[in-house]
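Here's the structure, in structure tokens; my notes come after.
As the structure lists them, so they are numbered: ligands from 1, and atoms in each ligand from 1.
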Amino acid sequence: MVRNVAGLLPELEDEDFYLLSGVEQGMRFSEWVQREKLPRFAGLTEEEVDYRLERCLKRGLIEKKTIQYEGYTLQFEGYDLLALRALVQRDTITEFGSPLGVGKESDVYEVRSYKPLALKYHREGYTNFREVHKERDYTADKEHVSWMYTARKAAEREHDILEELYPDVSVPRPIDQNRHAIVMEKMEGVELSRAKLEDDQVLGVLELLLREVARAHEIGYVHADMSEYNVFVGEDGVTVFDWPQAVPTEHDNAGEFLRRDVENLIGYFRRKYPQHVPDDLDEDEIASAIEDETFETVTALLE
Ligand SMILES: Nc1ncnc2c1ncn2[C@@H]1O[C@H](COP(=O)(O)OP(=O)(O)OP(=O)(O)O)[C@@H](O)[C@H]1O
Ligand SMILES: [Mg+2]
């Protein structure tokens, strides 16, 4: 679990951030950045580096190790602060709020500018990386990029995909991205898994969702992690979120992923609302219709 670092912003000084971004720069070359290299990476004097290292260590933003040499590495908390500060400096975020969700591979917080937004810090590769690398020789590092690189790539990817899909597909509007963080509009409503649909809404909501799947496919993407946990249902309809793993429709396995997405959705509705989902609804037929861009309504396929 990564701590919420927003409260540290007011007490940190510019030089603390020079140090943090100095460590970040050094980490392009090795996971543990040598102490001697920091003045150059950070643009600070020797004395200033020592003073800033202490302040950042004390706040858990960096970690120190003395194995073959004295080295420093960023903690996710330090990386979060670098991203958060960049987003604040460009006025994307003016207020920080409470957690909206802790996913397997992300932390999501409510933030604000002139309206409510959601800030998602990607955490891909974090846990795996820590376990795999615990016992490693830190100088032999080809994979040092790991968590920082993986998390940043996931955020860039999710932001790019949202930009391509919005507004044709009902996804959260993307606002900004920095490092491993993306900012998007805050969705209203609740997760489909927690929604209690009325009898006369069930088939309509399923159909809305399949239409979003079809529209995303037309634009060129298959979500590939479609489930009741990645869909919001609100007054104004449905929103499909959590896109970093989406695959282009040209991908070799796109057809397989599309079928799984359709099966996941329909399977969920069948389990939760058995009396409202027609038995003869054919997942494979729906997936094929989506591929052929002929999908219109569930009822049309049943006729
Ligand atoms: N734009 C948003 N507005 C409001 N809440 C959001 C928004 N984006 C995400 N959330 C909340 O945060 C949770 C985690 O988000 P998301 O599913 O994108 O992350 P994840 O870590 O990839 O999830 P998973 O557990 O599926 O891997 C969501 O279930 C949702 O409750
Ligand atoms: Mg999710």
Side-chain angles (χ1 to χ4, degrees), residues 1-4 6 76 79-80 83-84 87 92-130 147-148 150-196 205 209 212-213 216 221-247 257 260-261 263-265 267-268 272:
M1 180 68 194
V2 180
R3 278 177 305 132
N4 177 4
F76 245 120
Y79 201 44
D80 286 3
L84 184 60
L87 293 165
T92 297
I93 297 176
T94 54
E95 278 175 58
F96 202 93
S98 35
L100 288 173
V102 181
K104 284 189 299 292
E105 307 201 298
S106 71
D107 288 308
V108 184
Y109 290 96
E110 176 167 10
V111 293
R112 283 196 67 91
S113 60
Y114 60 98
K115 63 179 165 199
L117 302 172
L119 167 68
K120 177 173 177 180
Y121 293 117
H122 279 262
R123 307 279 184 224
E124 280 85 352
Y126 185 46
T127 31
N128 287 347
F129 174 74
R130 294 274 140 173
W147 65 264
M148 244 167 82
T150 317
R152 177 166 63 81
K153 282 290 160 201
E156 286 171 0
R157 190 163 166 70
E158 182 161 32
H159 188 260
D160 289 350
I161 294 174
L162 288 177
E163 288 210 311
E164 278 190 66
L165 297 180
Y166 184 88
D168 298 317
V169 182
S170 180
V171 298
R173 177 188 197 148
I175 307 285
D176 202 354
Q177 181 258 323
N178 184 270
R179 296 180 172 84
H180 62 319
I182 76 171
V183 178
M184 59 193 143
E185 250 172 22
K186 187 187 166 209
M187 301 180 288
E188 297 306 328
V190 292
E191 273 175 26
L192 176 62
S193 63
R194 295 197 288 135
K196 292 217 162 47
V205 170
L209 284 169
E212 298 306 332
V213 174
Y221 286 102
V222 175
H223 185 288
D225 190 21
M226 203 46 148
S227 77
E228 62 275 25
Y229 304 107
N230 285 334
V231 169
F232 255 45
V233 184
E235 302 268 292
D236 302 330
V238 298
T239 313
V240 182
F241 60 99
D242 199 3
W243 289 86
Q245 73 293 320
V247 298
F257 288 133
R260 201 181 60 192
D261 280 355
E263 280 163 18
N264 282 347
L265 281 179
Y268 173 74
K272 188 156 171 187

Donor-acceptor contacts, no H, no angles, side chain residues 164-174, under 3.5 Å, sequence neighbours left out:
| from | atom 1 | to | atom 2 | distance (Å) |
| --- | --- | --- | --- | --- |
| Glu164 | OE2 | Tyr221 | OH | 2.9 |
| Ser170 | OG | Val238 | O | 2.6 |

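Ring pair Trp147/Tyr79 is perpendicular by interplanar angle, where above 60° counts as perpendicular and below 30° as parallel. Between Phe96 and Tyr109, the two ring planes are tilted [angle within 30° to 60°].
The nearest N, O or S atom of Tyr229 is not closer to the Mg ion (ligand 2) than 2.8 Å. Residue contact annotation: Asp242 places an N/O/S atom under 2.8 Å from the Mg ion (ligand 2).
Within the listing of ligand 1, atoms 21 (O) sit less than 4.0 angstrom from a heavy atom of Glu105. In the vicinity of Asn230, heavy-atom distances shorter than 4.0 Å reach the ligand 1 atoms 17 (O), 26 (O). Listed by atom number, the atoms of ligand 1 under 4.0 Å from Lys120 heavy atoms are 16 (P), 18 (O), 19 (O), 22 (O). Atoms of ligand 1 lying under 4.0 Å from any heavy atom of Lys186, numbered from 1 in the order shown and given with element: 3 (N), 4 (C).
At a 4.0 Å heavy-atom cut-off, ligand 1 touches Met184 through the side chain alone. Contact annotation: for Glu110 versus ligand 1, there are no heavy atoms closer than 4.0 Å. Proximity of Ser106 to ligand 1, defined as any heavy-atom pair under 4.0 Å, is shared by backbone and side chain alike.
A salt bridge does not link Arg3 with Asp107: none of the charged nitrogens is closer than 4.0 Å to a carboxylate oxygen. Salt bridge absent: Arg260 and Glu263 never bring a charged side-chain N and a carboxylate O closer than 4.0 Å. Of the charged side-chain nitrogens involved, at least one lies within less than 4.0 Å of a carboxylate oxygen, so that Lys120 and Glu158 count as a salt-bridged pair.
The closest non-hydrogen atom to atom 4 (C) of ligand 1, taken over Arg173, Glu124, Glu185, Met187, comes from Met187. For atom 15 (O) of ligand 1, the nearest non-hydrogen atom from the set Leu100, Leu119, Leu162, Val108 comes from Val108.
A donor-acceptor pair shorter than 3.5 Å cannot be found between the side chains of His159 and Asp176.
Residue-ligand proximity: His122 is placed with every non-hydrogen atom at 4.0 Å or more from ligand 1.
Residues satisfying the salt bridge (charged side-chain N to carboxylate O under 4.0 Å, His left out) test with Arg157, not counting sequence neighbours, are none.
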